[in-house]
K.L.:
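Here it is, the structure in full.
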Amino acid sequence: MVGYVCKYTPIEIIQAFDEEVLRIEPEGKAGEDVESLIHPNMCSFMKGALEEILKNNINEVVLVNCCDSIRRLYDVLKGKIEFIHIIDLPRKTDDHACSLFYNEILKFIKAYEDFKGKKIDLDKFIKILNDCKTENQNFKKSIAVLGARFNGSVLEKIKKRCSLNIINLTCTGDNRLSKIEKRDNLIFSFAKALLNSFPCMRMVDDRLRFINKNNIKGIIYNTIKFCDFYSFEYATLKSALNLPILKLETDYSDLNNGQIVTRIDAFLESVGAGRPNVKIKKKGYFAGIDSGSTSTNVVIIDENKNIVSYSIVPTGARAIDSAKRAYKTALEKADLKEKDIKYIVATGYGRISIPFSNKAVTEITCHGRGAFYFDREVRTIIDIGGQDSKVIRLDNSGSVVDFVMNDKCSAGTGRFLDVMSETLGVSISDLGRVVKDFKEDIVITSMCTVFAESEVISLIAQNKEKKDIIRALNRSVASKAVSLIDRVGRRGKYMMTGGVAKNSGVVYEIENKIGEKIIIPFEPQIVGALGAAIIATEIGNPSQRQQQLYNTGIPEN
Amino acid sequence: MDLIKTYSNIIKKNLGNPYRAFKLIKLGFDIVYKYVSFFPDKRLPESLKYLNRICIKNIKKPIDHPENSIWVNIFAPTELLIAMQIYPLFIEAYSSFMSGFLIEDYLIDKAESAGISNTLCSYHKAFIGSGELNILQKPKMAVTTSLACDANINSFRYLSDKYDLPLYIIDVPYEYNRNTVEYVKKQLIEMIGLIEDVFERKLDIDKLREIIIRENETRKLINEYIDNLRLRSLNSTMTFEMYMLFTSHVFMGMEETYSFYKMLINDIKRAPLRTGKGIFFVHLVPMFENSFKEYFNFNNEYHLLGCDLNFDFLAEVEYDDPFEGIAKKLILNTYNGGFNRRIHSLGNIIDRIEPDGIIQFCHFGCKQSIGGAYILKRFFKDKGIPFLAVDGDGIDKRNNQEGQSRTRLEAFLEMVKRR
Ligand code: SF4
Ligand code: SF4
Ligand code: SF4
């Protein structure tokens, strides 16, 4: 069996040796073993592939001179496995490039023949080419998957959910070899056709001219951490094509998780490409409403606990009005009616004043459930909202075993940061930035918002650098959070929820203090509502699961 | 230092007005040029004072005359441009100056907010950021090689689209053989055709030959310099090692470059013997990092012996068929192809220079280089030379973890010293 990663690999040649090919698709994140072989700041897909190859004893690998990461993958693998070969892929497609690539393929055949001690079976090669399916090239009414490589199994999932044709134009795409021209020099023609596959970003060709926008209804655009190729294209693409685009940012291994698939589903629905029958099969939907002091959030999930839609609206003067508005928005987004919702659980400060909910549960329990849904290894939740902050400890079954709260004053909360951003005259997003290059280590001593504000005013008067003050403020919020953490005791993994989790400056400073990474869910403000919705599925669908988890003994006050 | 900061603040305030910002940056170059011409650092040998002047003078040319300039990357075959009296602006140098002017953070943020990946090399991000802000004046065209990293093609394509420039990409294949030489040669000829059209002037092939002959003479001097490093060291600063990247690449073949190396040989021959520990760098030197500055600038205890990027091609270039010669030079560059080439050439240079320790500065975002760090570690271990890989950023000072790298550097130097 021969492992490969790139669509430009001449897999038909390998098959003509009567060998099987295997596209390497790392499923998890690369572990520590890999960190001892290659510098961590490399492409996450490549690191995953390296691990996969070594762990699964894939002893024959054919690479393509794709990018800096893959070039180094080759160097690292050399000598570690039995057969490793790199095929140089020209970046151009003119005649010279074709003959270069042809030579590269001949070189590969020779190398593999020497290694295997057998000859390539040309009859078999012809047969394979004849059987080769060529995908629909005219992009008829399709959703295109573009950008960095896309995981094959996730793609299969999407195909099932999409009513339109899906074309994979990424590194894993196999719409190839549409036209092998002259048959007199078959391998040359093969090389030429292969080189003329839909160009990836490493090629010189202008990709956009290959996309017939009339036939494409939408684009799912993937980007991978530490792979810089595709960030260049996304912005241009968006303005040039004027098509709906869903941008995904993953590290490859997390492409397969629930959140991403949910986002894809939502996208497909929004462009009218969702499978209509998917919904009908459902037994029902469940909602969670988190009525907080600054925002009201609603999450709707299906019976299998897949997020169907969510909404976040600012809380107005009357909690009930905001709750209605948020609920309505979420229903609309999911294209559902009120009668489709089987059970509603309310949580948050205003939970008791929501008459259309079936039950009220505290936000502590709900946060626990929501966080555990995102990552089952979470043991400590740091929730910093607009006007309060709390730290929740979970045990390994996801039950709340301890918690501390600070709801007496706005110190160390979102409100504190709002006030300070006004005082400083910077936007909230500016306040949220990570400051590493500080000039001066300023400490804000007062915890109380009012006193801290006057401290900031005097720092401004002293002409201190803004970024130093920003850092000091973020550190002040962070230290307040860490003191709460210390009251329940430190234990990883950590997850941060609530609006302040979107402030990377604060997150960075907390991480610095506790010396551990913090998980931030894709939408940290909906964790409470999500937990409520999960509890709703369990009460509203009692057969589904035992009820013991939300009855954690935490008093319902 | 404070002067620079004030200057930097003024530029930052004016970044909203591209033309004024450009003028200010141009002024910055003018001042630096005057300064180094009239008040050269007395501690420097003559050759390096001269180097300082010619580097700034030649980087100023494309800035002062954008209409006669081409954007290039450091590996672009600028002999061809020099022969046609076209001024190359090489983006890595431009970005380094922006970091020197303390505005790189702003430029980088600008590039990132335009959607460019934050893990892209900051040499490229700072340049793209300047493009986003329109403070780069429009040159006539752009030329890049695919060598030595992925960043080149994408950055150049992105900015050429934005500025509506003709762009020529030289695709340098992985391996050296008859076919690949032919492939690159054909591209060079095609490129010259394009340049001739754009600039409406012809390349004089004899002029090009003359430049390549001078380039070969210059390389002989570089080789002589390498051999002198075994015994002696100039004890200057990291900045000058970086300036030498200008003369060993983009300004190669110029008369001034030749004169510089002549002077350099004179100076090194009279330089004091190496009494401290000699350190050789892989790829880049971190000229903005404080801890490194302390240990390597004007220090007799530790000598900065150079970096291998300055010695990435040490052979002769054929001048009877200059296109073929340049094609071979590009393909045979030690930064091209597999990492074994780098190892091989590092091995050679190290045998010639005999340093006491090797440091690889793992510039954030530079996958081609950092991806080989652990291979180098094993290689030097076998060779019995202490090796340190330390993370940082050559441009974006925010990516430098001062405390961490200081501890690692000091521990390493102590170890080297004990041997
Ligand atoms: S970027 Fe291009 S060369 Fe690299 S794996 Fe993808 S398709 Fe292959
Ligand atoms: S994801 Fe990007 S960086 Fe990673 S191997 Fe593929 S092309 Fe290279
Ligand atoms: S530092 Fe590395 S990534 Fe950056 S331009 Fe140089 S070779 Fe490319």
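Lettering follows sequence order; numbering is per chain, from 1.
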K.L.:
So B:Asn177 and A:Lys107, side chain to side chain contact (heavy atoms under 4.5 Å, CB included) or not? Walk me through it.
P.N.:
CA-CA 12 Å; B:Asn177 60 44; A:Lys107 247 170 46 197; 4.2 Å; yes

K.L.:
Do you know the tightest heavy-atom contact between B:Val172 and A:Arg91?
P.N.:
O-NH1, 4.1 Å

K.L.:
Within the 4.5 Å heavy-atom criterion, are A:Lys78 and B:Asn340 side-chain neighbours or not?
P.N.:
yes

K.L.:
Set out, in order, the CA-CA distance, both residues' side-chain angles and the distance that settles salt bridge (Lys or Arg N to Asp or Glu O under 4.0 Å) for A:Asp228 and B:Lys367, then state yes or no.
P.N.:
CA-CA 10 Å; A:Asp228 307 324; B:Lys367 287 116 197 147; 2.6 Å; yes

K.L.:
Heavy atoms only, distances under 4.5 angstrom: which of B:Ile128, B:Thr180, B:Asp161, B:Ile370 has the most pairs with chain A? Name it, please.
P.N.:
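Between B:Ile128, B:Thr180, B:Asp161, B:Ile370, the count favours B:Ile370.
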
K.L.:
Testing the basics here: between A:Ile38 and B:Gly371, what is the closest heavy-atom pair and its distance to 0.1 Å?
P.N.:
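Heavy-atom minimum between the residues: CD1-O, 3.7 Å.
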
K.L.:
Could you tell me which non-hydrogen atom of A:Asp205 sits nearest to which non-hydrogen atom of B:Arg157, and how far apart they are?
P.N.:
O-NH1, 3.9 Å

K.L.:
Would you compute the distance between atom SG of A:Cys67 and atom CG of B:Asn154 and round it to the nearest 0.5 angstrom?
P.N.:
11.0 Å

K.L.:
So, taking the atom named SG in B:Cys366 and the one named CG in A:Asp68, what distance separates them when rounded to the nearest 0.5 Å?
P.N.:
7.0 Å

K.L.:
Let me know if A:Asn41 has heavy atoms under 4.5 Å from chain B in its side chain, its backbone, both or neither.
P.N.:
both

K.L.:
Are A:Phe232 and B:Ser155 close enough, and set up right, to give a side chain to side chain contact (heavy atoms under 4.5 Å, CB included), and what steps lead you there?
P.N.:
CA-CA 8 Å; A:Phe232 283 95; B:Ser155 304; 3.8 Å; yes

K.L.:
Side chain, backbone, both or neither: which part of B:Ile375 has a heavy atom under 4.5 Å from chain A?
P.N.:
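The side chain, not the backbone.
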
K.L.:
Among B:Pro173, B:Ala389, B:Gly365, B:Ala114, which residue forms the greatest number of heavy-atom pairs with chain A at distances under 4.5 Å?
P.N.:
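Highest number of pairs under 4.5 Å: B:Pro173.
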
K.L.:
Under a 4.5 Å heavy-atom cut-off, does chain A meet the side chain of B:Tyr168, its backbone, both or neither?
P.N.:
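The side chain, not the backbone.
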
K.L.:
Looking at chain A, which one of B:Glu182, B:His124, B:Lys162, B:Gln187 has the largest number of heavy-atom pairs inside 4.5 Å, strictly under?
P.N.:
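Sorted descending by pairs with chain A, the first entry is B:Gln187.
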
K.L.:
Taking all atoms of both residues into account, what is the closest heavy-atom pair of B:Tyr374 and A:Ser36, and its distance?
P.N.:
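In terms of heavy atoms, the two residues are closest at CD2-O, 3.4 Å.
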
K.L.:
Does the A:Arg71 side chain pair with the main chain of B:Gly338, one donor and one acceptor, at a distance under 3.5 Å?
P.N.:
no

K.L.:
Could you walk me through whether A:Asp88 and B:Glu175 pass the side chain to side chain contact (heavy atoms under 4.5 Å, CB included) test, one step at a time?
P.N.:
CA-CA 8 Å; A:Asp88 192 13; B:Glu175 231 187 44; 5.6 Å; no

K.L.:
So, taking the atom named OG in B:Ser146 and the one named CZ in A:Arg202, what distance separates them when rounded to the nearest 0.5 Å?
P.N.:
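CZ of A:Arg202 is found 8.0 Å from OG of B:Ser146.
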
K.L.:
Between CG of A:Asp75 and CZ of B:Arg341, what distance do you get to the nearest 0.5 Å?
P.N.:
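The CZ atom of B:Arg341 is 11.0 Å from CG of A:Asp75, to the nearest 0.5 Å.
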
K.L.:
Is the closest side-chain donor-acceptor distance between B:Asp391 and A:His39 under 3.5 Å?
P.N.:
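Yes, a side-chain donor-acceptor pair sits under 3.5 Å.
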
K.L.:
Answer with side chain, backbone, both or neither: which region of A:Ile86 has an atom nearer than 4.5 Å to a non-hydrogen atom of chain B?
P.N.:
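A:Ile86 touches chain B through side-chain heavy atoms alone.
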
K.L.:
Side-chain contact, heavy-atom cut-off 4.5 Å: A:Asp94 with B:Tyr183?
P.N.:
yes

K.L.:
Check step by step if side chain to side chain contact (heavy atoms under 4.5 Å, CB included) holds for A:Val76 and B:Phe339.
P.N.:
CA-CA 9 Å; A:Val76 169; B:Phe339 207 73; over 6 Å; no

K.L.:
Please round to the nearest 0.5 Å and tell me the distance separating atom CD of A:Glu104 and atom CG of B:Asn179.
P.N.:
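Output value for this atom pair is 9.0 Å.
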
K.L.:
I need the minimum non-hydrogen distance between A:Ser231 and B:Gly115, along with the two atoms involved.
P.N.:
CB-O, 3.3 Å

K.L.:
Select one option (side chain, backbone, both, neither) describing which atoms of A:Phe229 are under 4.5 Å from chain B's heavy atoms.
P.N.:
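Both backbone and side chain.
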
K.L.:
Nearest 0.5 Å please: distance from the SG atom of A:Cys66 over to the CG atom of B:Asp150.
P.N.:
7.0 Å

K.L.:
Which one of A:Met201, A:Lys92, A:Glu249 has the most heavy-atom pairs closer than 4.5 Å to chain B?
P.N.:
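Max contact count across the listed options: A:Lys92.
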
